[in-house]
Each structure stands twice: as C-alpha cells, then as structure tokens.
Amino acid sequence: MDTVLAKEKKILYAPEISEIIEAKFLTATEKFFKIKLPGGRDLKHIPGQFVQVSLFGVGEAPISVCSSPTQKGFFELTIRKVGMLTEKIHELEAGDKIGIRGPYGRGFDVNAFKGKDILIIGGGIGIVPLRSLINYIIDNRNDYGRLIILYGAKSPSELLYRDELKMWEEREDIEYHVTVDRSDENWKGNVGVITTLIPPLELDLENTIAAIVGPPVMYKFVLLALKSKRFPEKNIYMSLERRMKCGVGKCGHCQINNLYVCQDGPVFNYLEVKGLEEAI
Amino acid sequence: MDKKKLSLVQFKRVRLNEKQLRNFTGFLKTKGRVYAPHRKGEKSFSFQEVDDPSKVVFNYPRTILPLKKFFQPPIETLLEFTINDNSYELPDIDNKNKIFFGVHSYDMQGVLRLDYVFSRGEPEYNYLKRRENSTFIGISFEPDEYHFSGSVGIDVENTEGFSIFIDIVDEDNYVVFACDNTGEELLKEYGIKDFESGEYKLKEREFKAKLKYHYGRLPQIFEKCYNYDVWKKVSERCLGCGNCNLVCPTCYCFDVEDDVDLKIEMGSRTRRWDSCMLNEFAMVAGGENFRKELYQRTRHRLHRKFKYITDHYGYPFCVGCGRCSQYCPADINMVEVVNDLIKEHEEREKVYV
C-alpha cells in the first residue's frame, strides 16, 4: 500500500567533512577561508549559490560561496562574525576541518547573461556572493559585454578583497566605482551612499543585467535609483538572505510568502519578488 | 451522499461486536507494533502503543497530537558526532511494521500531505524510511463542534490511505470494511471467512462547523486577502504561543540544534518541531525579522494552509481536524477566522466592484 518509498540512503543533513587550506582575516569582522572538499572534488557550484557550513557542537548556517567555479579543486567563503557559530568559525585556521553541505539554491544564470553588459551593485558583505560572479565573468571575459562594478562600504576599513579591488581598478575591461559612507584621512575616493554612483552611469538599458546584493535597506534605494534611470525591471537580479536550517525546502525558515529562498533563490529576478511584502 | 455510499459499497465487509473488535486489535499485535487511541485525561486522547486491547478507545473526538509524531518525531537525532575528530554517525531509522488502528479520515489525509512534502523536490530519507511498512486502519467519528473536515473535502468515511475502515454503528456494533488486499488478508488471517457485500446504509453525519465557501473557492479569497483587517483583528487575541503549529497534522517546519555532553566531546545534531507563530522564526543573522508582527505570522500560517502549498498540491493544507481551535488558549477558531475572511471579502468586493 505504500505510496512512498525511501529510495537510496541519501541523508540530506549529513555534511562532508572538508579541510580548510587557507584562512585569513580580511577585516576585523570578516574572515576568508579556502576550503577543499574530500579528495579535492570540485564543489560544482554556480555563482550566487550557497553552502551549509557546520561545526559540530555549535551548529550550521548558510554561507554564500565567494569564489568562481572556474577555479578548481577548492572553493572560498568569506564569513562575517555575527553570532556564536561564525565566532567559532573565525577561530579556525588552515588544517582545521569544517562540515559542508551543498551547493544549494539558484544562482545567477550566467549562461543567460552571455553577451550582455553586467552591472554589479554590492553593498557591505553583499560583495561576497558577487565576487563569485565577478571572477566568473573575468575568467570568461569574452562572453560578456561591459563589466561595471559599484561597491559601497560603510568605511574604507570595511572594504573586502583589497588586492582584487586594485586589480579591478587597474583593468581596462572593468569599470570599477567604489564609495564609502564615512571616509578616513587616507581615503581619496567617493564618499556617500552607493546610490550616488548610479545617476552618472551611461547604460545600454536593454542590454544590461543588474546584479544587486546588499543589506535589505540598500535594495529599496538602489531599486529607486535604477527606476529613475528607466532601467528595465526584468533585467534586475537580486540575492536575498534568510536563516536556513535545511537548505532543501523543508524547514520553512527561509520562506518569503510562497517562495523558498533556499530553492527558488537566493538569487531572484526582481519581478519574482516585486510584489512580496516579506521580501525586503 | 451517494458517492460516499458507493465508495464503501465496493469493499467487502464484516460485522463485529465490541469483544470481537478488541480481539482483532489484539491479533494485530502479532503483525507489528500497533498504535491506537488511548484515554489520556478526562477529555483528551492520545495515540499510544497498544499493550492491552481493552484500553483502546474506539469512539473519540480527536487525539491531542496527530500521527506526524510517529514519522517526524518532536525531537529527532539527525547525526551523532564526536567533536575532536570531526566524525559522525547516522542513527538507524526504525522502519519495522507498524499498524495504526482507529485513525480518523482527516488524520490519514494529514499523513498523505506530509508524504507529499517529504517526497517532493529533494526526498527526505529520514521521514520516508520511518514511514515505510505502515498500515492504517480507519474508524468513523461523530463530528463535534470543532471538526470541519467536510468543508475541506474530507468526509468522515473517506477511505483513502486505509487498508481497513471501521464504521461505528453503536458501541457493540462495528462494520469493518476491507479497503485493500492488505486489509482483506489481515481479516482473513484473523479468521473472518464470510464477507458481506452489496447495499450498505450509512449513518448520516453532519458537520456542525462549516466553512462558508467550498474549499475550491478559497484560493480566490486568499488571492486578495493579504491586507484584510481580519489578520490584525485575530492577532489582537493571539498569544503567539505556537500551540496551533504543534497540534497541526500538516505543520512540519523544524529547527536544527546541536547538543553536546558535559565533557564537550560528543553530541548530537537534532531537529525539533518549530513554529512559524513564534517571533524568532523568520529572524535572520543580525536581528532583522521579516515577520516581526504577530498579524504577519498569523497571515503566513493561514496562507500556508490555504494558499502557498495548495497552489501546487491542489487541496487545502488544512484537514479540518479542529485541533488548532480546540487547543488555542485564546479560543481562536480556524473556521471563524476563515469565515471572517470570506465575510470581509464579500463586503469589500461589494464596495469596490
């Protein structure tokens, strides 16, 4: 009579014990980890996807992958210290072990973006998942049009990936603009919120994809700024953050109205979440 | 009414008295573990493993908890770990034969809905494995002031999922239907040789609690009700305790936690029932909460019952058991809330159309 059968013994909640091969602080609150899955197997993720990271005895949380899948044999995470689990993860060094499940969720559709200009808008640690997309585009540079990166942080000391920022700034085929809310004595660049970078942009509106990741409050203002440029809504993609306990559409924690961030997202087309009150 | 008769008429049946039915319950124990309703308090009942068949209650309004507790236990070990060497083991999942005796149709429907949830997308081994080798024996009930399963398309005599269905005629008169081969074999093994068939007159059973609209019309209400006043009105009384989630046959959301021993050497990762009515449920790192108001959580819970999952499942994810109403400490009644939504909908449509 059984209408359901337990098929292969695939335990959704069993992590793979993986090795940290490099660990370094990027700022006082963000730490960068290079991680190797058992046997050096590739994670095979898509930019924008996340993994469930766990430490036995402390717990598990979703973390965006910040490296491009074009890099083989390892993947990278940048983790901000916000709670007990991330505080414990910050104590880990190269050689330590960590539990990984995934990759999960829907990332950026990099194939559909081919041939388009890409406008990246990252605020704070929103740059973390975007770095995966940026590096993917850099490694497949001929497949894409202009690469415009807007990056905003609260202060210069909170800027992540500083070596790479320099490279983005120097490369002729990347248009990189950065701003900080509050400058310090050494800062010579833009000061102001990230939306101040949008009005001066000259864009081929029909042929540009915007990929936005940042804190909830940022979306509202960035969306407004894009709207006043008449940027087509259908070309806007954004990644949303939620607490997740399973990553596979069961536990219910990440639900935004009828959408599961872990399955339907974290990357959404703006039109998919536009009318949803719980989205941002 | 005719359709109901038809579905039961297709099955072979036998008439048993109370003593015989208790004997049959005892016989079932030779086939696996048997779970059946037992009296818990003066007015409360609970599914418990049958030890003494004379203790089984045949005629009961509803149990406190639905059957989900057997397939998705309130606290379940997902893995057992050793901290120092980062190793872990997966616990064995018990899939031995289980027979659930005396199940009401709405609770069976609750199990079928959870089956859908846990086999959809990424199938969940833990649930599905535990769910294997389960046989369900249904029983009729007299709807009380809380039952409204008739309004969500589940009759008292709905036999879907059952191997055997028992219609209670009176306290010494039970008509036992063999709904599938498993059921027929069980009855034969017990010693039933002669089955009756043909015309069977079913008792008229009326639901006292009713939704004002057929369930097929509810999606059109839920399409428009997002900003209705009802949500805020209900939340003025709601305590946000999450009781309704715990007793609901189709609530399955969970939390995952690590527990460690005092030496901080070993521990287990467990999952526990969680509740979308609790304030922390939609909180994210850094303290942002996407449903911080009680009315938003009430609205979310009801949308999960009548809209979100219904959109792809086809039926309400509420089975009309009435538990959330009966066990609500603030006396919030599901039928009243939905009927209030319908009323507000009618008023608004009249005003604005």
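These numbers come from a predicted model, not from an experiment. Within every chain, numbering begins at 1; the chains are lettered A, B, ... in the order of the sequence lines, protein sequences first and strands thereafter.
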Legend entry - Members of residues 48-62 of chain A whose heavy atoms come closer than 4.5 Å to chain B: A:Ser54, A:Leu55, A:Phe56, A:Gly57, A:Val58, A:Gly59, A:Glu60
Taking C-beta and beyond as the side chain, do [X] and [Y] meet within less than 4.5 Å on heavy atoms?
X: A:Leu259; Y: A:Gln255; answer: no
X: A:Phe74; Y: A:Ile20; answer: no
X: A:Tyr219; Y: A:Val213; answer: yes
X: B:Leu302; Y: B:Phe222; answer: yes
X: B:Phe136; Y: B:Val111; answer: yes

Where does [X] contact chain A at under 4.5 Å (heavy atoms): side chain, backbone, both or neither?
X: B:Phe118; answer: both
X: B:Asn227; answer: side chain
X: B:Arg120; answer: backbone

Inset, instruction - Among the options B:Gln296, B:His300, B:Lys307, pick out the one with the most heavy-atom pairs lying under 4.5 Å from chain A. - result: B:His300
Inset, instruction - Using a heavy-atom cutoff of under 4.5 Å, enumerate the residues of residues 266-280 of chain B that contact chain A, numbered in order, or state 'none'. - result: B:Arg269, B:Arg271, B:Asp274, B:Glu280
Inset, instruction - Report, by ascending residue number, the residues of residues 246-258 of chain B in heavy-atom contact with chain A at a distance under 4.5 Å; give 'none' if the set is empty. - result: B:Tyr252, B:Cys253, B:Phe254, B:Asp255, B:Val256, B:Asp258
Inset, instruction - Kindly assign one of parallel, tilted or perpendicular to the pair B:Phe100 and B:Tyr35, based on the angle between their ring planes and the thresholds 30° and 60°. - result: parallel
Inset, instruction - Please identify each residue that fulfils ring-ring contact (aromatic ring centres under 6.0 Å, His included) with A:His45, with sequence neighbours left out. - result: none
Inset, instruction - Give the member of A:Asn257, A:Val248, A:Leu12 that has the highest number of heavy-atom pairs under 4.5 Å with chain B. - result: A:Asn257
Legend entry - Greatest number of heavy atom pairs closer than 4.5 Å to chain B - which of A:Gln263, A:Arg243, A:Lys245, A:His253: A:His253
Inset, instruction - Please determine, by modelled atom types, if B:Glu185 and B:Thr182 share a side-chain donor-acceptor pair under 3.5 angstrom. - result: no
Using the ring of [Y] (Phe, Tyr or Trp, six-membered ring only), decide whether [X] places NZ or CZ under 6.0 Å from its centre and within 45 degrees of its axis.
X: B:Arg299; Y: B:Tyr226; answer: yes
X: B:Arg113; Y: B:Tyr313; answer: no
X: B:Arg131; Y: B:Phe71; answer: yes
X: A:Lys24; Y: A:Phe32; answer: yes

Inset, instruction - Provide the closest heavy-atom pair for B:Lys129 versus B:Asn95 in the form atom of the first, atom of the second, distance. - result: O-CB, 3.1 Å
Legend entry - B:Val284 backbone acceptor or donor facing A:Arg242 side chain under 3.5 Å: no
Legend entry - Flag, side chain of A:Thr27 to backbone of A:Glu30, donor-acceptor distance under 3.5 Å: yes
Inset, instruction - Kindly say whether the aromatic ring centers of A:Tyr13 and B:Tyr125 come within a distance under 6.0 Å. - result: no
Legend entry - Side chain, backbone, both or neither of A:Pro15 within contact of chain B (heavy atoms, under 4.5 Å): both
